[in-house]
**Q** 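Below is one structure. I have some questions about it.
As the structure is a prediction and not an experimental result, all values here were calculated from the model. Order of the sequence lines sets the chain letters (A, B, ...), proteins ahead of strands, with each chain counted from 1.
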Protein chains: 2
Amino acid sequence: MDSTTFTKNFLPDVTVDVVLLSISSNGSLLTLLTQRDEDPFKNAWALPGVFVGRNETLENAAARALRDKAGIAGDVFVEQLFTFGSLNRDPRDRIISVAYYALVPEGRFITAVARNAGAVIAHIDVPWTGVSGGTVQVRNEADKKLKLAFDHDRIIGIAVQRIRGKLNYAPIGFELLPDEFTLFELQHIHEAVLGHNINKDSFRRKMLASGLVEETGRRRGGTAYRPAALYSFNKEETTTHG
Amino acid sequence: MDSTTFTKNFLPDVTVDVVLLSISSNGSLLTLLTQRDEDPFKNAWALPGVFVGRNETLENAAARALRDKAGIAGDVFVEQLFTFGSLNRDPRDRIISVAYYALVPEGRFITAVARNAGAVIAHIDVPWTGVSGGTVQVRNEADKKLKLAFDHDRIIGIAVQRIRGKLNYAPIGFELLPDEFTLFELQHIHEAVLGHNINKDSFRRKMLASGLVEETGRRRGGTAYRPAALYSFNKEETTTHG
DNA sequence: AAAATAGTGTCTATTAGACATTATTGG
DNA sequence: CCAATAATGTCTAATAGACACTATTTT
């Protein structure tokens, strides 16, 4: 609408929260959380987020949350996830939160938390299969369960649901890997996102046939077995798909 | 976040706009629009929308827009689409709009506009194929082009993009049909949404194999040819899929 | 009988899963 | 040579498109 009846009942607080997602080298889903230093949910863990400024788009607010709260600057895959507007999400005020999710290679996670004392890398436990959806739980690297603030257990769950669905038709696996990777590494990313193993042969065929990957000519050395060919993401191919 | 830094820069206006979608019997995409009676965009056509109330969830605001602005009450498929937060969407104020889309059988569109003088059923022209996305144009039933207010040409475009993608994995075609329908009618719905013809044989096979439709035993009479079997949507089957 | 759509059967091309086999490296 | 993974080849099952054919209704 944008006003026809001019009964502007009230002006809510609007925040942007970002679900940062990554995959650890041992194949588990990771997210980056910040510890709250005041009530409500003091000491609980929360998604990096900011209030939306007057002259700030939602995308800019998401980039600011990534930079100032999570310590992730520069080029990152970010996409809008969902907007949460339940009445009692925050026990003090009515707050509407526009959630985004970002896909970040593990290496950037590690350097980000090294610079940011209030941030932690958490493992995501997904207690449901496929895209059925639901809440998640998070653990720190010592396997201790972390308490999540607000409805952030639900927001992270929806982010996982989204990337599981999206993996089937969009080349988002590449966002979670460094520039060069083996096909087996890409497969591990897919398996971690989907939460189940996939067929190696058909995965290789599908990826090679898609034109999304191109051989770099280099190989992953230092292994005790035949070195795998290194590939890079062919950005040309995706843009032509629109 | 939901506040840690207590710099609440400003409190924006938040609205909910609803893209109502339907399919006409001749196979074109329809939407329901309301005419603006004041500036900006006076006399232009806009999506039904309301300001979000203090004690109103986003879903409740969408239901209120459907009921009070569009004249559609009762059970309707409604789902959140996207949240728009560009700085100059509305030339007066910074307004953040949470868009929803609703799928409504054509019959309910017709009774709604009959009761609502300010509303019109518009044909949607989609100038792009597949899910590449973009803006749309709208025409009234006399084929005259209608001017859309704000960024609503873009919002409707994203709604079309969404249902095109969703049709491939979710049973949303049924939301656009009355309780009983023939398989050919369901196919026409799919073709109208997708914007291209689809194979009759494989569509029938896929639908019958899916278990989503069940024969009612009745037939579509009054035709000048063999009457088609009438089916109904098997809700049991979808809920088990999650 | 003619016209028109409903509905069935069959062939083919594509794709994913399963599984076997060969290739290449370090130890 | 052995262990381990890379990479290829082949068979099968499932599915979508194409197309031919039969069925059923009204005029």
Side-chain angles (χ1 to χ4, degrees), chain A residues 25-27 129-131 164-165 167-171 173 177 180-232 237 241, chain B residues 25-27 129-131 164-165 167-171 173 177 180-232 237 241:
Chain A
S25 48
N26 62 35
T129 57
V131 291
R164 280 190 180 173
L167 197 59
N168 292 318
Y169 63 90
L177 285 168
E180 290 197 331
F181 50 86
T182 69
L183 289 183
F184 207 37
E185 287 164 357
L186 181 58
Q187 178 179 345
H188 288 322
I189 295 287
H190 278 238
E191 289 175 341
V193 169
L194 295 173
H196 62 81
N197 293 342
I198 55 182
N199 185 276
K200 177 184 163 186
D201 307 83
S202 64
F203 181 78
R204 287 181 67 87
R205 268 180 307 200
K206 188 166 52 175
M207 276 302 147
L208 293 171
S210 72
L212 291 171
V213 294
E214 46 189 17
E215 270 193 272
T216 64
R218 286 178 287 279
R219 290 171 169 276
R220 170 78 74 226
T223 57
Y225 43 83
R226 175 175 175 176
L230 286 167
Y231 292 82
S232 65
E237 189 65 19
H241 284 11
Chain B
S25 48
N26 61 36
T129 58
V131 290
R164 280 190 180 173
L167 195 60
N168 293 319
Y169 63 91
L177 284 168
E180 291 197 331
F181 51 84
T182 69
L183 289 183
F184 208 36
E185 286 164 358
L186 180 59
Q187 179 179 345
H188 288 322
I189 295 287
H190 278 238
E191 290 175 340
V193 169
L194 296 174
H196 62 81
N197 292 342
I198 55 182
N199 185 275
K200 175 185 160 185
D201 307 81
S202 65
F203 181 79
R204 288 180 65 87
R205 268 181 307 200
K206 189 166 51 175
M207 277 300 147
L208 293 171
S210 71
L212 290 171
V213 295
E214 46 189 18
E215 272 194 272
T216 63
R218 287 178 286 279
R219 289 169 169 278
R220 170 78 75 226
T223 57
Y225 44 83
R226 175 174 174 176
L230 286 167
Y231 292 82
S232 66
E237 188 65 19
H241 283 12

**Q** What's the CG-C1' distance between L183(B) and dG7(C), to the nearest Å?
**A**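 For the pair L183(B) CG and dG7(C) C1', the rounded distance is 10 Å.
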**Q** Hey, is the main chain of A228(A) close enough, under 3.5 Å, to the side chain of R220(A) for a donor-acceptor pair?
**A**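 Side chain of R220(A) to backbone of A228(A), a donor-acceptor pair under 3.5 Å: no, none is there.
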**Q** So, Q187(B) side chain and I198(B) main chain: donor-acceptor pair closer than 3.5 Å or not?
**A**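 Flag set: sc Q187(B) to bb I198(B) pair under 3.5 Å.
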**Q** Expressed as a whole number of angstroms, how long is the span from M207(A):CE to dA7(D):P?
**A**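 That distance rounds to 15 Å.
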**Q** Search all heavy atoms of A192(A) against all heavy atoms of G27(A) and return the closest pair with its distance.
**A** CB-O, 3.4 Å
**Q** Would you mind reading off the distance between N199(B) atom CG and dA20(D) atom C1', rounded to a whole angstrom?
**A**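 Atom CG in N199(B) sits about 14 Å away from atom C1' in dA20(D).
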**Q** Counting any heavy atom closer than 4.0 Å, what does A209(A) reach on the DNA or RNA strands: base, sugar-phosphate only, or nothing?
**A** nothing
**Q** Which part of the nucleic acid, if any, lies within reach of A228(A) when heavy atoms closer than 4.0 Å are counted: base, sugar-phosphate only, or nothing?
**A** sugar-phosphate
**Q** Rounded to whole Å, how long is the line connecting atom CD1 of I198(B) with atom P of dG17(D)?
**A**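 Atom-to-atom, I198(B) to dG17(D), this comes out as 8 Å.
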**Q** Within the pair R226(B) and dT26(D), is there a side-chain N or O less than 4.0 Å away from OP1 or OP2?
**A**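 Checking R226(B) against dT26(D): no side-chain N or O falls below 4.0 Å of OP1 or OP2.
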**Q** Could you check G222(A) against S202(A) and say which one's nearest nucleotide on DNA chain C is further toward the 5' end?
**A**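 The residue whose closest nucleotide sits nearer the 5' end is S202(A).
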**Q** Does the side chain of H188(B) reach to within under 4.5 Å of the side chain of E191(B), using non-hydrogen atoms?
**A**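 Counting from C-beta outward, H188(B) and E191(B) do come under 4.5 Å.
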**Q** dT26(D) P sits how many Å from R220(B) CZ, rounded?
**A**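 So the two atoms are 15 Å apart, to the nearest Å.
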**Q** Are any of the side-chain heavy atoms of T129(A) and H196(A) separated by less than 4.5 Å?
**A**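 No, every pair of side-chain atoms sits at 4.5 Å or beyond.
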**Q** What's the closest nucleotide to the A224(A) side chain, out of dA6(C), dG26(C), dG17(D)?
**A** dG26(C)
**Q** So what does T223(B) touch, heavy atoms closer than 4.0 Å: a base, only the sugar-phosphate, or nothing?
**A**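 The answer is sugar-phosphate, as T223(B) gets under 4.0 Å only of primed atoms, P, OP1 or OP2.
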**Q** In whole Å, I'd like the distance from the CZ atom of R204(A) to the P atom of dT21(C).
**A**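 So the two atoms are 19 Å apart, to the nearest Å.
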**Q** Are L208(A) and L183(A) packed together at the side-chain level, in the sense that at least one heavy-atom pair is separated by less than 4.5 angstrom?
**A** yes
**Q** Might you list the N or O atoms of the protein lying below 3.5 Å from N or O atoms in nucleotides 9-14 of chain D, with each pair's distance?
**A**
residue : atom : partner : partner atom : Å
dG9(D)  : O6   : D201(A) : OD2          : 3.2

**Q** So if I take every side-chain heavy atom of K206(A) and compare against dA6(C), dT8(D), dA16(C), which nucleotide ends up nearest?
**A**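 Nearest nucleotide to the side chain: dA16(C).
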**Q** Figure out the CD/P separation between Q187(B) and dT5(C), and round it to whole Å.
**A** 13 Å
**Q** In this structure, how many angstroms lie between the P atom of dT15(C) and the NZ atom of K200(A), rounded?
**A**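 Going from K200(A) (NZ) to dT15(C) (P), I get 21 Å.
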**Q** Is T216(B) reaching over with its side chain to a backbone N or O of L230(B), donor-acceptor style, under 3.5 angstrom?
**A** yes
**Q** Hey, does F184(B) reach any base, or is it just sugar-phosphate, or nothing, if we go heavy atoms under 4.0 Å?
**A** sugar-phosphate
